[in-house]
Amino acid sequence: MSIAAVIQGHVVQALNELFQQSFSGKEFQINKTKPEFEGDYTVVMFGLLKPLRQSPDGLGKLLGDHLLQHHSPVFTAYNIIKGFLNLTVSDSYWVDVLTGNYNNPDFGKKEKNGRSVVVEYASPNTNKPLHLGHLRNIFLGWSVSEILDAAGYMIHKTCIANDRGIHICKSMVAWKHFANGATPETTGIKGDHLVGDYYVMFGNEMKKQVADLMATGLNKEDAEKKAPIMLEAQQMLVDWEAGKPEVLALWQEMNSWVYAGFDVTYKRVGVSFDKMYYESDTYLLGKKLVAEGLEKGVFYKKEDNSVWVDLTADGLDEKIVQRKDGTAVYITQDIGLAIQKYDEYKYDSSIYVVGDEQNYHFKVLKLICEKLGLPSSEGIYHLSYGMVELPTGRMKTREGTVVDADDIMDEMINVARQKTEELGKVSGFTEEELLKLYNTIGLGALKFFILRVDPKKRMIFNPEESIDFHGFTASFVQFSHARAKAILRNEAVNETYTPEGNEGLLPLEKELIMLLEQYPVVIEQAAAEYNPSVVISYCYDLAKTFNSFVTEHRVLKAGSEDKKQLRLRLCQMTANVITSGMKLAGIEVPERM
RNA sequence: GGUCCGGUAGCUCAGCUGGAUAGAGCAUCAGCCUUCUAAGCUGAGGGUCAUUGGUUCGAAUCCAAUCCGGAUCACCA
């Protein structure tokens, strides 16, 4: 149990005994004491004063004395300032926290709770390579999965590939016209990039044709409708849906190139999926549920035979769920997939990592699922994240300002190598170890830079700041870990000796233990909020405090064996928690750097 | 126009389930490497928490209105 929960329990008990009234614990708050005051944790008593008809000093004295009397091993002192009761927690309590957990790599993780969570993330289109926006999605999806796993949930990571549709046909048409049979093998170009190149070519050709048509007097709208290459793409989509063999063959081949390319990127990023869904399989899902919805009266049919749902009572609009020609729309296949996922996983909650431009879509999806009576539909959660922008503004395909995922990773790793070579601290590393280190530092920097921002907020990606390895960065945290490990390489913890801490804890020692003690609460909070930035901030705080500590105090030359063993355990536990916390963000930490 | 989200230091971001004098990093300035890794540490300057009103012992935090920025309101996905 966390110290805050312990204190809360003691205060509730004290209040019950002192006033013969029962309290839930919500009537007061337990906060960390501000550094400018004496004490470790503070009971904010304002909410209790009126109901108990007590003065701040009166209640503070009653509570403080009671706590000291009944829980002397925990509390050693208190002081009252206005309505704040500042409690000092005994050094022995903190030393126990340290000696009891320093060597537990799973510290902070919860027992499995038997609840199942499906996380859907990445979900790319298969017509172009991944970019920075996808990276935010992928980092978030992975990290949230790791965090929920640590919080005790059973996680199923899924991905739906948007592998069909007019956008896919565009790159196929362009390939047919301009590629001369080029493949990733013949060109040496990564498959997703190759296909993306033809998607761009389609756009260029389209522009040319539209311009030509407009020169003959057509307006823009008509020209776009009549451009031959566009007509060809539309015909190809029709052929695809009709199952025309040569179209399907090309579609399969080009998609396979893209998947091979994506796999390389996923592997490099260090993420994976338990299950892939393909839109080409799911896009017809929904006929059955439309029939069911009609039967239940959730949907209704218009004269033209299209099917709708009326969400005006919920503050939304009417929404179509099936076209008049009987085909499913986007929302329908998503409902179908939601049900399919439930059948497969019996999830308690289902998380969709999707950009915030689809907020409305997911509101509708959840509402419809509820109306259809899908079990656990209240567990549907749209983990909505804001767009990634550059300092110059939004990324635009047309203007070529899209930051490619592979490129940015290459660059981060390159700069990591340059910087590492400059510092010259890696003598004795093999070539393989060096490459691993550059990856760890470069990718870590990228993930940290993106995950440190609250998901729901838009973020500005400044390339220059992202490759800075100082300050609030992954390198800073990784470096702190390497320092701790360097000390432990010189002398490991003596397991047979248990430090007493009788000399008392110095401020930085205590601060560090107090931070370490909070790690389980941090995981809990990050899981409850689906927010990796909580973990990122914590890791940074921990690293910062650790750096201050090792700069200020010698570990190996501590004044006594007891002190040395205590500090070695501080190094060990800090290293463990940093490793564990960074792993929740998908970031590795090196032994040396 | 309706709905939703955001606005905190020059810049990038924390803090938002109400608590004490609003915090980090970058940038700027001043110190610290014969001592376990200086990718570090210590310190300084820098704020009308968009604006106005309300709620109360107390508001960056909650409520309302206004201003600014963004998203969305497709028989696209």
Side-chain angles (χ1 to χ4, degrees), chain A residues 26 28-29 31 33-34 36-37 42 44-47 49-50 56 81-84 86 123 125 162 164-167 279 283 302 304 306-308 315-317 319-325 327-331 333-334 355-361 363-364 384 386-387 389 391 394 416 419-420 422-423 425-426 441 445 449 452-454 456-462 464-466 468-480 482-491 528 533-534 536-537 540-541 543-544 546-558 567-568 571 592-593:
Chain A
K26 283 185 180 164
F28 57 92
Q29 289 175 306
N31 294 338
T33 303
K34 297 254 171 198
E36 54 267 37
F37 301 98
T42 296
V44 183
M45 302 182 293
F46 292 101
L49 300 178
K50 228 176 222 171
I81 297 168
K82 296 194 277 182
F84 301 98
N86 300 321
S123 302
N125 293 342
N162 300 116
R164 49 136 252 136
I166 190 71
H167 52 294
E279 195 195 319
Y283 85 112
K302 287 199 176 172
D304 66 358
S306 58
V307 181
W308 295 71
L316 304 179
D317 301 317
K319 183 91 188 167
I320 192 162
V321 294
Q322 184 172 291
R323 297 187 185 97
K324 61 187 172 203
D325 62 7
T327 55
V329 296
Y330 177 50
I331 190 88
Q333 60 168 308
D334 256 358
D356 61 8
E357 69 274 10
Q358 296 203 39
N359 285 354
Y360 183 77
H361 171 77
K363 227 184 243 183
V364 172
S384 160
M387 191 172 302
E389 291 177 22
R394 293 177 66 161
K419 192 71 198 169
T420 304
E422 270 171 38
L423 289 171
K425 296 198 282 191
V426 286
I441 295 173
F449 189 81
R452 67 181 198 173
V453 180
D454 186 332
K456 70 169 179 288
K457 292 196 180 180
R458 282 188 291 154
M459 70 170 291
I460 294 179
F461 183 88
N462 185 330
E464 280 173 33
E465 280 178 30
S466 70
D468 188 355
F469 294 143
H470 301 274
F472 187 17
T473 64
S475 314
F476 179 93
V477 180
Q478 290 167 330
F479 173 71
S480 310
R483 275 181 106 170
K485 283 307 184 78
I487 294 170
L488 292 162
R489 271 195 300 278
N490 279 318
E491 185 170 340
S533 75
V534 171
I536 292 281
S537 295
Y540 173 71
D541 279 346
K544 192 172 159 58
F546 179 77
N547 274 329
S548 297
F549 161 71
V550 289
T551 303
E552 187 76 21
H553 305 298
R554 303 281 85 190
V555 173
L556 300 178
K557 290 180 186 163
R567 288 182 181 168
L568 282 170
C571 292
R592 288 176 58 196
M593 67 186 282

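The chains referred to below are lettered A, B, ... by the order of the sequence lines, with proteins before strands, and numbering in each begins at 1.
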Exercise. For atom P, what is the distance between B:A14 and B:G25, given to the nearest Å?
Worked result: 16 Å
Problem set entry | Nearest-Å distance once atom C1' is located in both B:G46 and B:G10 | 9 Å
Exercise. When rounded to the nearest Å, what value does the distance between P atoms of B:U21 and B:G58 take?
Worked result: 14 Å
Problem set entry | Separation of B:U72 P from A:M387 CE (nearest whole Å) | 7 Å
Exercise. Considering only B:A77, B:G18, B:C36, which nucleotide approaches the side chain of A:V329 most closely?
Worked result: B:A77
Exercise. In whole Å, what is the span from the NZ atom of A:K82 to the P atom of B:U56?
Worked result: 19 Å
Problem set entry | Pairing partner (Watson-Crick or G-U wobble, both distances under 3.5 angstrom) of B:C4 | B:G70
Exercise. Should B:G46 form a Watson-Crick or G-U wobble pair with both distances under 3.5 Å, which nucleotide is its partner?
Worked result: none
For this session: Measure the distance between the ring centre of A:F46 and the centre of the six-membered base ring of B:G19, then answer whether it is under 5.5 Å with planes under 30°.
Result: yes
For this session: Return the stacking result for B:A20 and A:F84: yes when the ring centres lie under 5.5 Å apart and the planes under 30°, no otherwise.
Result: yes
For this session: For B:U61 and B:G7, measure between their P atoms and round to the nearest Å.
Result: 11 Å
For this session: Any strand is fair game: report the nucleotide pairing with B:U56 by Watson-Crick or G-U wobble, both distances under 3.5 Å, or none.
Result: none
Exercise. If you take atom types as modelled and just measure distance, does the side chain of A:D304 reach the base of B:C75 with a donor-acceptor pair under 3.5 Å?
Worked result: yes
Exercise. Are any of A:K324's side-chain N or O atoms less than 4.0 Å away from OP1 or OP2 of B:C75?
Worked result: no
For this session: Kindly say whether, by distance alone, the side chain of A:T551 makes a donor-acceptor pair under 3.5 Å with the base of B:A38?
Result: no
Exercise. Do A:R567 side-chain atoms and A:L556 backbone N/O form a donor-acceptor pair below 3.5 Å?
Worked result: no
For this session: Begin from the C-alpha positions of A:E279 and A:Y330 and carry the test side chain to side chain donor-acceptor pair (under 3.5 Å) through to its verdict.
Result: CA-CA 10 Å; A:E279 195 195 319; A:Y330 177 50; over 6 Å; no
Problem set entry | Near-ring test A:F46/A:F84, centroid separation under 6.0 angstrom | yes
Exercise. Which nucleotide sits closest to the side chain of A:Q29: B:U37, B:G19, B:A71?
Worked result: B:G19
Exercise. Under a 3.5 Å cut-off for both distances, is B:C32 Watson-Crick or wobble paired, and to whom?
Worked result: B:G40
Exercise. Taking the six-membered ring for Trp, are A:F469 and A:F476 ring centroids under 6.0 Å apart?
Worked result: no
Problem set entry | Nearest-angstrom distance, C1' atom, B:C63 to B:U55 | 7 Å
Exercise. Roughly how many Å is it from CZ in A:R452 to P in B:G15, rounded to a whole number?
Worked result: 13 Å
Exercise. What nucleotide, of B:A39, B:C76, B:U3, holds the atom closest to the side chain of A:R323?
Worked result: B:C76
For this session: Using the P atom on both, measure B:U28 against B:U35 and round to a whole Å.
Result: 28 Å
Exercise. Under 5.5 Å between ring centres and under 30° between planes: true for A:F37 and the base of B:A20?
Worked result: yes
For this session: Take atom CG of A:D356 and atom C1' of B:U72, then tell me their distance rounded to the nearest Å.
Result: 9 Å
Problem set entry | Spacing of A:Q322 atom CD relative to B:C76 atom P, expressed in whole Å | 13 Å
For this session: Mind calculating the distance between OH (A:Y330) and C1' (B:C73) to the nearest angstrom?
Result: 16 Å
Problem set entry | More than 12 heavy atoms of other groups within 6.0 Å of A:E464 CD | no
Problem set entry | For atom CD of A:E422 and atom P of B:A38, their distance in whole Å | 17 Å
Seminar exercise, completed: Separation of B:A71 atom C1' from A:K363 atom NZ, nearest Å, is 11 Å
For this session: For B:G19 versus B:C62, give the span between their C1' atoms, rounded off to a whole number of Å.
Result: 14 Å
Problem set entry | Closest to the A:R164 side chain, choosing from B:A14, B:U37, B:A77 | B:A77
Problem set entry | First of A:V555 and A:F472 reached from the 5' end of RNA chain B, by closest nucleotide | A:F472
Exercise. What's the closest nucleotide to the A:V550 side chain, out of B:C36, B:U72, B:A77?
Worked result: B:C36
Exercise. Using a distance-only test with no angle check, is there a side-chain donor-acceptor pair under 3.5 angstrom linking A:T42 and A:N31?
Worked result: no
Exercise. Looking for any heavy atom pair under 4.0 Å, which part of the strands does A:R567 touch: base, sugar-phosphate only, or nothing?
Worked result: nothing
Exercise. Which nucleotide, B:A39, B:A20, B:A14, lies nearest any side-chain atom of A:I441?
Worked result: B:A39
For this session: Check whether more than 12 heavy atoms from other residues, nucleotides or ligands sit under 6.0 Å from atom NZ of A:K302, and answer yes or no.
Result: yes
Problem set entry | Nearest listed nucleotide, side chain of A:N547, among B:G70, B:G40, B:A39 | B:G40
For this session: Using the C1' atoms only, state how far B:G6 lies from B:G43, rounded to an integer number of Å.
Result: 35 Å
